[in-house]
Amino acid sequence: MKKYLFLLVVAAAAFLLASCGPPDGYNLAKQNALDAQAGAKANQANELCPTEWAAAEQTMKQAMDADAAKDYKTAMPLFEQAKNLYDTAKLCAIKKKEAMNVPPPPPPPPPPPPMAVKASIDPIFFDYDKFAIRKDQTATAKADADKIKGQFADHKFQLVGWCDVRGTVEYNLALGEKRANAVYTYLTANGVAAAKLEKKSGGVTTKFSADKDEKGYQLNRRVEYVDLGK
Amino acid sequence: MKPLRLILLVTAALLTIFGGSRLLAGLTEGTPAAAADDDQDFGVDIWGAKQGLPMVRKDPIATPLFLNMGTEPDKLGLTQKLSDQVADDMRMTGRFEVIDRALYVENPHTAGIKMNQFNFKDWSDIGAEYLIKGGFKFEGETLTVELRLFHVPTKKMLVGKGYTGKPEDWYVMVHKFGNDVVYELTREKGIFGTKIAFVSAPVYGGETQELYVVDVDGRNLKRLTFLNGKAKNPTWSPDGTQLVFAWENSANTTDPYNYLYAIPAEGGKPKLIFGVKGLVVTPRFSPSGSRIALAVSLEGNMEIYTIPAAGGQLKRLTVSAAIELFPAWSPDGSQLAFVSDRTGSPQIWKMNSDGSEPKRVSYFGTYNQAPDWARSPTGEKIVYSSRESGGFHILMMNADGTDTTVITQGQGFASCEYPAFSPDGRAIAMTTNAGNGRQLQIFNVDGSFTKQLTKVGADDTNPSWSPRLLN
């Protein structure tokens, strides 16, 4: 008999506890309100639309007070309301910013030209233990050739062939050389003057990624362009 | 769950018992052919290649403490050190099992070290088949050591030797005796007193890599180069007096040249053999010492060449669009093994030393590197490293490509590479990686002995085993 009584007490306590917790969707509503608050602030709503911001803040405060008092029933609709008010404030701020930008701000004065502009040319990536230029790399290689002939026509480049760390240093030195050769051959076939290019094997490297997975290895299997200047 | 576990346990137990008895059969019969058949059975379901060589039966040997025969005190603690070194050397031969000193019954204070000064029964009682007894005496700055090998069942002395020298060379005397013991028992010269040359970088991929040598017993580690670049792939001259190595000027990334240097094995000034606009790696002295085979890229692709050891004209041996490197001479100098990827993956090939008749020899593994070729007690062997998903393992095959055997697998190393045969073809020095840098390690090919030669921390690679330097 005592056992049943005990079970009953436990069940009742569980029911009470359950009824005290926040209702379904409560945490989401609260989080949405907090996110909306952050979003509005990021758009400077507190400075650009102070009225809308203050309204949202007031509602949010009420919601948080209710939340602290575990009065979830009151807090939940207040959070929902606060979210809408923050969104309104954010929209208001965005519109004001756009309006202010109608006469676009004058561009900053161009920085003084550096001593030497380092050309940035996209690397060519390779498959494991391969040196042939992959089909998906030919567009990059073509664009590289065009840049070297056009924008950077007065620069010289060193092509450095790199390999991932799998395998021996010696074999990968030979492989890196063949990768540099492959890009050299492609560029010269596409109109780049041979005199503008030097080749070098870098061999194994982890300098583009230290990750020991295929993604990391792929980043290291490349031919890199080193701008040697004019 | 429970029945499944039971089945697994029973299966494992059956495998162990069945496998163990088969292995034991190979051991007691001791014939290579019978053991090889057993290995082939294992190979299919467990390793995919044959695992290890049959272990030779080990003879129990006793190595009691040495006797101070002189009047001067034992200022270097040689009573124990000499005995310990004898035990270590006998272990390294792979033919002896050293009986624990705690089991010895002989009274070391009353027994002598010469025939009739001790009782063979004291040794046959503890199961010793062989016994090495020794004594020493200091006379000022001179040390004399006497060593004797006895065969216990026949009560015969097989080797008796005396050595005199500087006290600090006490271990050299033991190594010399070790060589005499090996010769007496096998009519083959021992390898005690040999050295390993290798290169070491502070970390993997470090910008500087220098040349070092170390004795095979781990003593006398010595740095030879201070060139502030990358020394690579040292090779011993067959007379053991010099080392040749490739060198990259890594401090200057725009230097398009690579170099070949020679340096006295005892240390000294490096001498430039040649420099070339292109890559230079993997030089290897011919067995006669007259030429060096190496890989050079003169036209943007590595090929194998030879050059006179003193420098001179390069002679091209390979002509192919593929990568070719890692030449390794056959023991008679008539052929070279090398790595070529002309079939699409790097494999071991061989050719005549004039470059004719290239022929693929490795058919196991998809990424094979760094061959070495030696005459072993069971014929000419080529050892190489083969890369699998996790790292390299060492494989060994007959020089004709048959009978591929796994030498390292399951010894706890993530990777084992750059194998280099000992002069007797019984052991291999290699670079091992247990997760923290790479170290040098020695393995007997039959798995009977291993020893780590360099400390954990640095990146030690490219070992090259010297020719015999003592006796």
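Throughout, protein chains are lettered first and strands after them, A, B, ... in sequence-line order, and every chain is numbered starting at 1. Just so it is clear, the structure is predicted and the values come from calculations on it, not from any experiment.
Residue with the most contacts toward chain A among Ala295(B), Ser385(B), Ser297(B): Ser297(B) (heavy-atom pairs, distance under 4.5 Å). With chain B as partner, the option from Phe131(A), Tyr128(A), Tyr184(A) having the largest number of non-hydrogen pairs under 4.5 angstrom is Tyr128(A).
Residue contact with chain A, scored on non-hydrogen atoms closer than 4.5 Å, involves the backbone and the side chain of Ile323(B) alike. Interface remark: Val165(A) contributes backbone and side-chain atoms alike to the contact with chain B (heavy atom separation under 4.5 Å). Heavy-atom distances place the side chain of Lys130(A), and not its backbone, under 4.5 Å from chain B. With a threshold of 4.5 angstrom between heavy atoms, Thr168(A) approaches chain B through its backbone and through its side chain. Of the two parts of Gln158(A), only the side chain, counted from C-beta on, holds a non-hydrogen atom closer than 4.5 Å to a non-hydrogen atom of chain B. With a 4.5 Å cut-off on non-hydrogen atoms, Leu175(A) touches chain B through its backbone and its side chain both. Both the backbone and the side chain of Val169(A) come within less than 4.5 Å of a heavy atom in chain B.
For the side chain to side chain contact (heavy atoms under 4.5 Å, CB included) with Val383(B), the lone residue among Ile394(B), Leu395(B), Ile348(B) that qualifies is Ile394(B). For the side chain to side chain contact (heavy atoms under 4.5 Å, CB included) criterion with Leu325(B), the lone passing option out of Ile304(B), Val339(B), Asp341(B) is Val339(B).
Between Phe338(B) and Phe326(B), the distance separating the two ring centers is not shorter than 6.0 angstrom.
Phe152(A) does not carry Lys147(A) over the face of its six-membered ring by the limits of under 6.0 Å from the centre and within 45° of the normal. Within the cation-pi definition used here (under 6.0 Å to the ring centroid, within 45° of the axis), Arg166(A) qualifies as a partner of Tyr217(A). Geometrically, Arg342(B) engages Trp349(B) in a cation-pi contact, judged by NZ or CZ lying under 6.0 Å from the ring centre and within 45° of the ring axis.
Residues of residues 314-322 of chain B having a heavy atom under 4.5 Å from any heavy atom of chain A, listed by number: Ala321(B), Ala322(B).
For Lys90(A), the NZ atom sits in a loose shell: 12 or fewer heavy atoms of surrounding residues, nucleotides or ligands are nearer than 6.0 Å. Within a 6.0 Å radius of NZ in Lys73(A), no more than 12 heavy atoms belonging to other residues, nucleotides or ligands are found.
The aromatic rings of Phe208(A) and Trp162(A) lie perpendicular to each other, with more than 60° between the two planes, well past the 30° mark.
A side-chain donor-acceptor contact under 3.5 Å links Tyr86(A) and Gln37(A).
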